[in-house]
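Counting starts at 1 for both ligands and their atoms, in listed order. All values reported here derive from a predicted model rather than from experimental measurement. By convention here, the first residue in the shown sequence is residue 1.
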Amino acid sequence: MQTLRNTELDGQQASWPQYMQRAIELAASVFSAAPNPRVGCVIVKENAQAGDTVLGEGWHKGAGLPHAEPDAIADAHRRATEASGDTPATEPRHAQAQSLPAGSTAFVTLEPCCHTGRTGPCSVALIEAGVERVVIASLDPNPKVSGGGIAALEASGIEVFFLQDFEDSARRLNRGFFSRLERQRPFVRCKLAMSLDGRTALANGESKWITSEAARSDVQRLRAECDAIVTGIETVLADDPSMTLRPAEMGLSPQQLECNEHRFSKPPVRVVLDSQARLSDSAKIVLGNGRCLAYRLNGAGESATAPSRYENRFAPSANVSDSRVSLPSVLDSLASLDECNEVLVEAGATLSASFIEAGLVDELIVYIAPKLLGRDGRPLLNISGLDQLSDALNFDVDAVERIGADIKVTLRPR
Ligand code: AOF
Ligand code: ZN
């Protein structure tokens, strides 16, 4: 495999960044393909004289559905059939593996796989379709692949190139997938909303709604990107949130809705950290569509035999003097048992602070509403024990956006 920087691309290769960029955009057209990575593929017939032709485009929409490469090969076949005026094939897109014109190049955001999982190996699909060159932007960390896809392609005489300048964007597309496979834990995002003076509610707890409808619709998109929404029992008892995914509130185009059908059919699992087994069967979080999980402290409520509408999980405590479940062990089990790539923490000031203080948050998202709630309002986070400025928790700002009337700040712990 040859590794190339953009500045090293010459002649025919000069247009490669444009195709890889397109493959990344295609991959990003789904909110999540979990537990699988989001992958895009563009197949091009390069021709210096006559100009390039994009033969086909594809992307992965979710586990069990075609991977990006067979999806693009099928698209190429469909376009070729349409252009030739023949009757279009009636088989579903993914069932076809047809030959491509000689000299075709496939741009794929992730190393093509070489294993048979829910679908067949993409390296074989590319070899059989007759591509001459494969250009990738990231390696597959899955131990079943991890270099094997590249080796299989090269063994059949296909040239493989790695576009190094796209690696960051290709990995960012799948930061949860990489996190689960490389660190054995999900990528954790923590979402908070506050007033200009850092309050989340009035002293009496009234908080509906601090942020605008646009910000709440944006939160729905955050939910669509995650595989588990984690909250605490205190929030459930106080607010009775549903924590559901509501596509209708996301302001999506008909194409985006269609493209994410698979995602929406399998909503994120709702997780309640409920150390002392206080969750009731009638809580809205339990009743919504899809799975609800409650984590209890080992032993808590274990004697209760009544079947419940949610699944019970037991976890150890953080330490002997703590009566709350250990957050790393919850994250471990969400990665290993549920194959969660991304977790969204939507919790109150105490649980959110615990995740942050434990160094378990990879990204913090704070919506700031332009209103003042006064000094008696509730604080954003219950963080204590900061006696000196040097004890402050520091973040880097990744992005600042206006969302309706509010401001959204995306931060990374330093
Ligand atoms: C690719 N192209 O579009 C994707 C790949 O069990 P399966 O068949 O769904 O395979 C899942 C694994 O395949 C996943 O963990 C990752 O290693 C790879 N994903 N590979 O060539 C794709 N989504
Ligand atoms: Zn594959």
| message | With carbon and hydrogen excluded and only N/O/S kept, which atom of H67 is nearest the Zn ion (ligand 2)? | response | ND1
| note | Here the gap from E46 atom CD to D52 atom CG, rounded to the nearest 0.5 Å, amounts to 5.5 Å
| task | Note the single closest protein heavy atom to atom 9 (O) of ligand 1, along with its residue, its atom name and the distance in Å. | result | N36 ND2, 2.8 Å
| field | Pairs flagged by salt bridge (charged side-chain N to carboxylate O under 4.0 Å, His left out) wherever residues 11-32 is involved - sequence neighbours left out | value | R22-E25, R22-E57
| query | For Y295 and A315, which heavy atoms make the closest approach, and how far apart are they? | reply | CD2-CB, 4.1 Å
| task | Examine the proximity of ligand 1 to R38 and report which part, side chain or backbone, both or neither, has a heavy atom under 4.0 Å away. | result | neither
| Pair T7-R5, side-chain donor/acceptor within less than 3.5 Å | no
| request: Classify the contact between A63 and ligand 1 as side chain, backbone, both or neither, using a heavy-atom distance cut-off of under 4.0 Å. | output: neither
| With backbone taken as N, CA, C and O and side chain as the heavy atoms from C-beta onward, which portion of T119 lies under 4.0 Å from ligand 1: side chain, backbone, both, or neither? | both
| message | Heavy atom to atom 6 (O) of ligand 1, shortest distance: which of H60, R118, K144 holds it? | response | R118
| field | Minimum-distance protein heavy atom relative to atom 17 (O) of ligand 1 | value | D140 OD2, 2.5 Å
| query | Heavy-atom contacts under 4.0 Å between W59 and ligand 1: side chain, backbone, both, or neither? | reply | neither
| task | With heavy atoms of F177 as the reference, note each atom of ligand 1 found under 4.0 Å away. | result | 15 (O), 16 (C), 17 (O)
| request: Just say parallel, tilted or perpendicular for the rings of H67 and H115, cut-offs at 30° and 60°. | output: tilted
| request: Report the angle formed at the Zn ion (ligand 2) by atom SG of C122 and atom SG of C113, rounding to the nearest 10°. | output: 120°
| said: I need the F107 CZ to E69 CD distance, nearest 0.5 Å. | reply: 13.5 Å
| message | Taking atom CZ as the centre, does R414 end up with more than 12 heavy-atom neighbours from other residues, nucleotides or ligands that are less than 6.0 angstrom away? | response | yes
| Do R216's NZ or CZ and the ring of W209 fall within the cation-pi criteria of under 6.0 Å and 45°? | yes
| query | Which is it for C41 and ligand 1 at heavy atoms under 4.0 Å: side chain, backbone, both or neither? | reply | neither
